[in-house]
There are 2 protein chains.
Amino acid sequence: MKTEHIEIREDSRASLSQLPHARKLPCDTCPGRSLGVCSPLDDLRLAHLLALGGRRHWAKREFIYRAGDPMQMIYKIITGIVVESRMLYDGRRQIVGIRTTGDLCGYPENRGRYLFSGEALTEVEACAFDKRKFDALVAGHVDMACALADDTSRKLERASENLTVMGQLISTERVAHFVVEIGELNASRQIDTDPLKLHLTRQEIGDYLGLTLETVSRSFTRLRHLRILALVGTDAVAILDRKRLHALAHTSRSA
Amino acid sequence: MKTEHIEIREDSRASLSQLPHARKLPCDTCPGRSLGVCSPLDDLRLAHLLALGGRRHWAKREFIYRAGDPMQMIYKIITGIVVESRMLYDGRRQIVGIRTTGDLCGYPENRGRYLFSGEALTEVEACAFDKRKFDALVAGHVDMACALADDTSRKLERASENLTVMGQLISTERVAHFVVEIGELNASRQIDTDPLKLHLTRQEIGDYLGLTLETVSRSFTRLRHLRILALVGTDAVAILDRKRLHALAHTSRSA
DNA sequence: CGGGAACTTGATCTCGGTCAATATTGGTGG
DNA sequence: CCACCAATATTGACCGAGATCAAGTTCCCG
């Protein structure tokens, strides 16, 4: 049936194909990048932190914490992927961030309660810290406080990028951006890079990008017909044309 | 002409009118709220900070810094309103945040350059600090580092909220949310509260909410016809029905 | 294998974008 | 103080991307 008469007006959208882009980025999780003042929340302090809580494990699709629950613990991910999300009264859900190795999650808080829910997308290993003790530690150690500021700053950077994605990009561009983002995430963990594993269902990608699952699916189909992606099974992609993918994605960091 | 046959299907969107909402919130700029561990970036330290730079002044519509420029200074707003925004190659613009009294702006950075542009919406008075010296101060003082973490955390909270707004709310809900947000902002500064001054043009509100200026205008018209708002001149509104406004806005903090 | 969840695809509808006139309005100078 | 005018906002007509509703299809996972 239809093979190639679906096309995206790349031209109508920008002269960006002539612009420099798609340069390889520095690792997204390297510390001290955003504010430049901080040492990482690294193994040096991990001993301290472990003393506050300890290592725990969650199965795929398990909730680590839920929005509205009293905040007891915050978590530092060792392995795995966690999504933070919020749900409206009527069931509309927004995924506000994808967290992985090295990220803190569980804050910000809202009057002593979790503001978001955290759900394990894969098997997750994380350190859990009592929030009060963590706060005390932060308040007493400049390097911890800086590491926290830095972690938060990186989240803010990505949230701001996603604001641009949601506010300005059309559906296929958003999905392209998502693939680039997941690629960077996985690259930073040195896993699942070639057949790039997505770990999110179409519904979840939709809830992340402000689209319906059908539109996400159609966007993947378009990217496939454009020979930018190939779908590998249902939860992975192969990037066939990285340049055009990045052009569509309009990533801020390649500018 | 048409007076009342424009209506919003509130019912189709939620049972939220029955839910508790619209409670008055604690001041949005009160410090230490998000992480609970930090002292504010307050006048105690302001002496230190002033020594690093000094007070400066910008006229309405003046740019304080521009995305891509080498980052020299960061700013702490004393009075006025600043919007931070990013522009795509093709002219699409996203406003990623509205900053006001007490907020820091100018970071995060992107390889030593500003990631966003900062534009004064009103006359702005701010302290400008050399970034390097500021970093050094932060690295040397726990309370400064905590204050920075806290400022960043509040920005993240608001950015995450706006992700939900952009991803899940329809146009009129987004505009309602914007009005609530500006209301909280102005309330925290104890100015422009009754005829609530917006300070943003329809185009800017559109660039903030991911809508066109026409859709923003139509949304205001709808809110007027619903007797939720009255427009006062072109840049201010009177809130006639706070309860329904909050219901439409789906603010997370009233949940 | 078999069954159920996840995905794809199609048809249709609608909200918001686009293009195009007006209509306000607020700032400026006479 | 008023008249003018450029900038901003409103409104209308039309269109299209994405939502919605509805089958089918594929893919896992037991």
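Order of the sequence lines fixes the chain letters, A, B, ..., with proteins taken first and strands second; residue numbering starts at 1 for each chain.
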Checklist entry - Side chain of Lys155(A), backbone of Leu156(B): donor and acceptor closer than 3.5 Å? => result no
Next on the checklist: Quick check for you: to the nearest 0.5 Å, what is the distance between Arg113(A) atom CZ and Asp69(A) atom CG?
Outcome noted: 7.5 Å
Checklist entry - Which part of the nucleic acid, if any, lies within reach of Ser171(A) when heavy atoms closer than 4.0 Å are counted: base, sugar-phosphate only, or nothing? => result sugar-phosphate
Checklist entry - Would Tyr65(B) and Tyr75(B) count as a close aromatic pair, with their ring centres under 6.0 Å? => result yes
Next on the checklist: Does Leu213(B) reach a base, just sugar-phosphate, or nothing at all? Heavy atoms under 4.0 Å.
Outcome noted: base
Checklist entry - Are the side chain of Glu62(A) and the backbone N or O of Ala59(A) linked by a donor-acceptor pair below 3.5 Å? => result yes
Checklist entry - Is Glu214(A) side chain donor-acceptor paired with the dC21(D) base, going by distance under 3.5 Å alone? => result yes
Checklist entry - Touch check for Thr201(B), heavy atoms < 4.0 angstrom, all strands: base, sugar-phosphate only, or nothing? => result sugar-phosphate
Item to check | Length of the line joining Arg61(B):CZ and dG26(C):C1', which is rounded to integer Å | outcome: 14 Å
Checklist entry - Roughly how many Å is it from CG in Leu211(A) to C1' in dC7(C), rounded to a whole number? => result 16 Å
Checklist entry - Would you say dT11(D) has OP1 or OP2 under 4.0 Å from some side-chain N or O of Thr221(B)? => result yes
Checklist entry - Roughly how many Å is it from CG in Leu223(B) to C1' in dT10(D), rounded to a whole number? => result 15 Å
Checklist entry - Can you tell me how far P of dT8(C) sits from CZ of Arg222(A), to the nearest Å? => result 13 Å
Checklist outcome for this item: Taken to the nearest whole Å, CD/Gln203(B) to C1'/dT10(D) is 15 Å
Next on the checklist: Counting only side-chain nitrogens and oxygens, does Arg202(A) get under 4.0 Å of the OP1 or OP2 atom of dT26(D)?
Outcome noted: no
Checklist outcome for this item: Here the distance between atom P of dG16(C) and atom CE of Met166(A), to the nearest Å, is 14 Å
Checklist entry - Atom CD of Glu204(B) to atom P of dA9(D): distance rounded to whole Å? => result 8 Å
Checklist outcome for this item: For Leu248(A) and Ala176(A) the tightest heavy-atom approach is CB-CB, 3.8 Å
Next on the checklist: Mind checking if Gly206(A) touches a base, just sugar-phosphate, or nothing, with heavy atoms under 4.0 Å?
Outcome noted: nothing
Checklist entry - Is a side-chain donor or acceptor of Asp235(A) paired with a backbone partner of His199(A) at a separation under 3.5 angstrom? => result yes
Checklist entry - Using a cut-off of less than 4.0 Å, is there contact between a side-chain N or O of Thr212(A) and OP1 or OP2 of dA19(D)? => result yes
Each nucleotide N or O in nucleotides 11-13 of chain C that has a protein N or O under 3.5 Å away: list the pair and distance.
unit_1: dA11(C); atom_1: N6; unit_2: Arg218(A); atom_2: NH2; d: 3.4

Item to check | Donor-acceptor pair, side chain of Ser85(B) and main chain of Gln94(B), under 3.5 angstrom | outcome: no
Checklist entry - Think Arg202(B) forms a cation-pi with Phe220(B), using NZ or CZ under 6.0 Å from the six-ring centre and within 45 degrees of its axis? => result yes
Next on the checklist: Applying a 4.0 Å non-hydrogen cut-off, can you work out what Leu231(A) is touching in the nucleic acid: base, sugar-phosphate, or nothing?
Outcome noted: sugar-phosphate
Would you tabulate the nitrogen or oxygen pairs shorter than 3.5 Å linking the protein to nucleotides 27-30 of chain D?
unit_1: dC28(D); atom_1: OP1; unit_2: Thr234(A); atom_2: N; d: 2.9

Item to check | Separation of dC7(C) P from Leu198(A) CG (nearest whole Å) | outcome: 10 Å
Checklist entry - Angle, rounded to 10°, between the helical axes spanning five pairs at each terminus of the helix from dC1(C)-dG30(D) to dG30(C)-dC1(D)? => result 60°
Item to check | Sidechain-backbone polar pair: Arg93(A) side chain, Met87(A) backbone, donor-acceptor under 3.5 Å | outcome: no
Checklist entry - Are OP1 or OP2 of dG17(C) and a side-chain N or O of Thr215(B) less than 4.0 angstrom apart? => result yes
Checklist entry - Checking Lys76(A) side chain against Gly102(A) main chain: does a donor-acceptor pair fall under 3.5 Å? => result yes
Item to check | Distance-only donor-acceptor check, side chains Arg222(A) and Thr172(A), under 3.5 Å | outcome: yes
Checklist entry - Salt bridge or not for Glu161(B) and Arg86(A), using N-O below 4.0 Å? => result no
Next on the checklist: Would you say Tyr208(B) and Asn162(B) are linked by a side-chain donor-acceptor pair, where the criterion is simply a distance under 3.5 Å?
Outcome noted: yes
